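Everything below concerns the one structure shown next.
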Amino acid sequence: DQQVKQNSPSLSVQEGRISILNCDYTNSMFDYFLWYKKYPAEGPTFLISISSIKDKNEDGRFTVFLNKSAKHLSLHIVPSQPGDSAVYFCAAQSNTGNQFYFGTGTSLTVIP
Amino acid sequence: DTGVSQDPRHKITKRGQNVTFRCDPISEHNRLYWYRQTLGQGPEFLTYFQNEAQLEKSRLLSDRFSAERPKGSFSTLEIQRTEQGDSAMYLCASSLRTVNSPLHFGNGTRLTVT
């Protein structure tokens with residue numbers, strides 16, 4: 001059962017515009033959410049996280065929004081740059097366990 | 001902070017052979033995780049250590065898989081009698097013990113079973 005879902009396998013955005021990546025989850029016990037970026041032949045790199053007591057967290061060009069009632073989070077990248085082209089995974093951790101659950105990823109292409 | 005290190009980066013083996021992978025976590029991290037990733041999928045949890053204790057194992061981890069973390073430092077993941085379905089990227093990650101501590105991944109070991 002896929003507890004973390006990324007329904008868009010790919011996204012293309014023009015350089016300088018906003019990229020919005022979406023993620024949905026089913027487990028109401030999740031209380032910590034993360035976004036990772038992955039280049040080919042490398043491991044995932046941690047980008048930004050948010051705990052369930054917040055609804056927004058910002059770090060430079062990256063902002064994560066959490067809507068607990070909808071069980072939905074999103075990652076906004078503004079402005080998008082060609083170097084942002086990668087696969088982005090969202091992940092979640094339950095307050096009752098230690099395991100992290102990952103989505104299937106969204107491949108972002110930023111067009112110069 | 002030298003990051004999480006995994007060795008080897010690539011391993012090609014014949015079906016039925018045993019393979020062992022090594023992971024060196026970030027030195028101050030006492031939590032260590034193994035994940036597996038196949039094409040088009042996100043990382044799937046295999047097992048988790050806190051210091052030297054293996055606290056959680058996925059149902060994905062058949063009895064052909066064994067992981068150890070002696071002395072709570074580096075970890076090894078062994079796959080016995082490899083099968084073609086074991087072909088995947090094996091990722092190691094580490095984190096601090098504190099609440100809401102993110103995972104930091106290594107670059108993985110890509111296993112190909114022929």
Side-chain angles (χ1 to χ4, degrees), chain A residues 1-10 21-25 27 29-54 57 59 62 64 66 75 86-107, chain B residues 1 3-10 21 23-26 29-51 53-61 88-110 112:
Chain A
D1 59 337
Q2 191 74 26
Q3 299 190 49
V4 177
K5 299 177 184 178
Q6 294 176 258
N7 292 320
S8 297
S10 62
L21 296 98
N22 294 303
C23 179
D24 297 294
Y25 62 95
N27 189 338
M29 302 304 287
F30 287 155
D31 68 346
Y32 181 49
F33 304 89
L34 311 91
W35 283 95
Y36 285 82
K37 174 180 180 180
K38 187 180 183 304
Y39 292 120
E42 294 184 9
T45 301
F46 170 67
L47 264 181
I48 191 169
S49 64
I50 188 168
S51 75
S52 58
I53 62 171
K54 293 185 173 183
N57 189 26
D59 183 1
F62 301 91
V64 56
L66 176 62
L75 175 67
V87 178
Y88 289 77
F89 293 96
C90 68
Q93 185 183 39
S94 165
N95 59 14
T96 60
N98 299 294
Q99 184 182 153
F100 290 76
Y101 295 84
F102 285 80
T104 52
T106 296
S107 178
Chain B
D1 179 359
V4 177
S5 177
Q6 291 189 247
D7 184 70
R9 290 295 309 273
H10 304 275
F21 310 141
C23 171
D24 288 272
I26 293 171
H29 287 181
N30 48 19
R31 290 182 169 176
L32 186 148
Y33 295 74
W34 285 98
Y35 277 79
R36 179 170 67 187
Q37 186 174 20
T38 54
L39 197 62
Q41 300 296 316
E44 294 177 297
F45 171 77
L46 292 178
T47 190
Y48 152 70
F49 290 84
Q50 184 157 294
N51 299 314
Q54 188 174 18
L55 297 184
E56 202 170 331
K57 289 199 296 187
S58 165
R59 286 169 291 177
L60 290 176
L61 212 65
M89 174 74 82
Y90 289 84
L91 293 163
C92 177
S94 66
S95 74
L96 293 169
R97 187 177 175 176
T98 53
V99 172
N100 294 349
S101 180
L103 292 179
H104 295 270
F105 283 90
N107 283 327
T109 294
R110 177 160 298 284
T112 303

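Quick caveat, the model's predicted, so the values are computed rather than measured. Each chain gets a letter, A, B and so on, in the order its sequence line appears, and its residues count up from 1.
When the candidates G105(A), P44(A), P9(A) are compared by the number of heavy-atom contacts under 4.5 Å with chain B, P44(A) comes out ahead. When each of L34(A), N98(A), V4(A) is scored by its heavy-atom pairs under 4.5 Å with chain B, the top score falls to N98(A). Counting heavy-atom pairs closer than 4.5 Å to chain A, the top-ranked of the candidates R31(B), E56(B), H104(B) is E56(B).
Proximity to chain A (any heavy atom under 4.5 Å) is shown, for Q6(B), by neither the backbone nor the side chain. With a 4.5 angstrom heavy-atom cutoff, S101(B) touches chain A only via backbone atoms. Heavy-atom distances place both the backbone and the side chain of E42(A) under 4.5 Å from chain B. Both the backbone and the side chain of Q41(B) have a heavy atom closer than 4.5 Å to some heavy atom of chain A. Heavy atoms of L91(B) lying under 4.5 Å from chain A belong exclusively to its side chain. With a 4.5 Å cut-off on non-hydrogen atoms, R9(B) touches chain A through its side chain but not through its backbone. For chain B, the nearby parts of F100(A) are the backbone and the side chain; heavy atoms of each come within less than 4.5 Å.
Across every non-hydrogen atom of F46(A) and L103(B), the tightest pair is CB-O, 4.0 Å. Nearest heavy atoms, Q99(A) versus Y33(B): CA-CE2, 4.4 Å. Among all heavy-atom pairs drawn from N100(B) and S51(A), the shortest one is ND2-CB, 3.4 Å.
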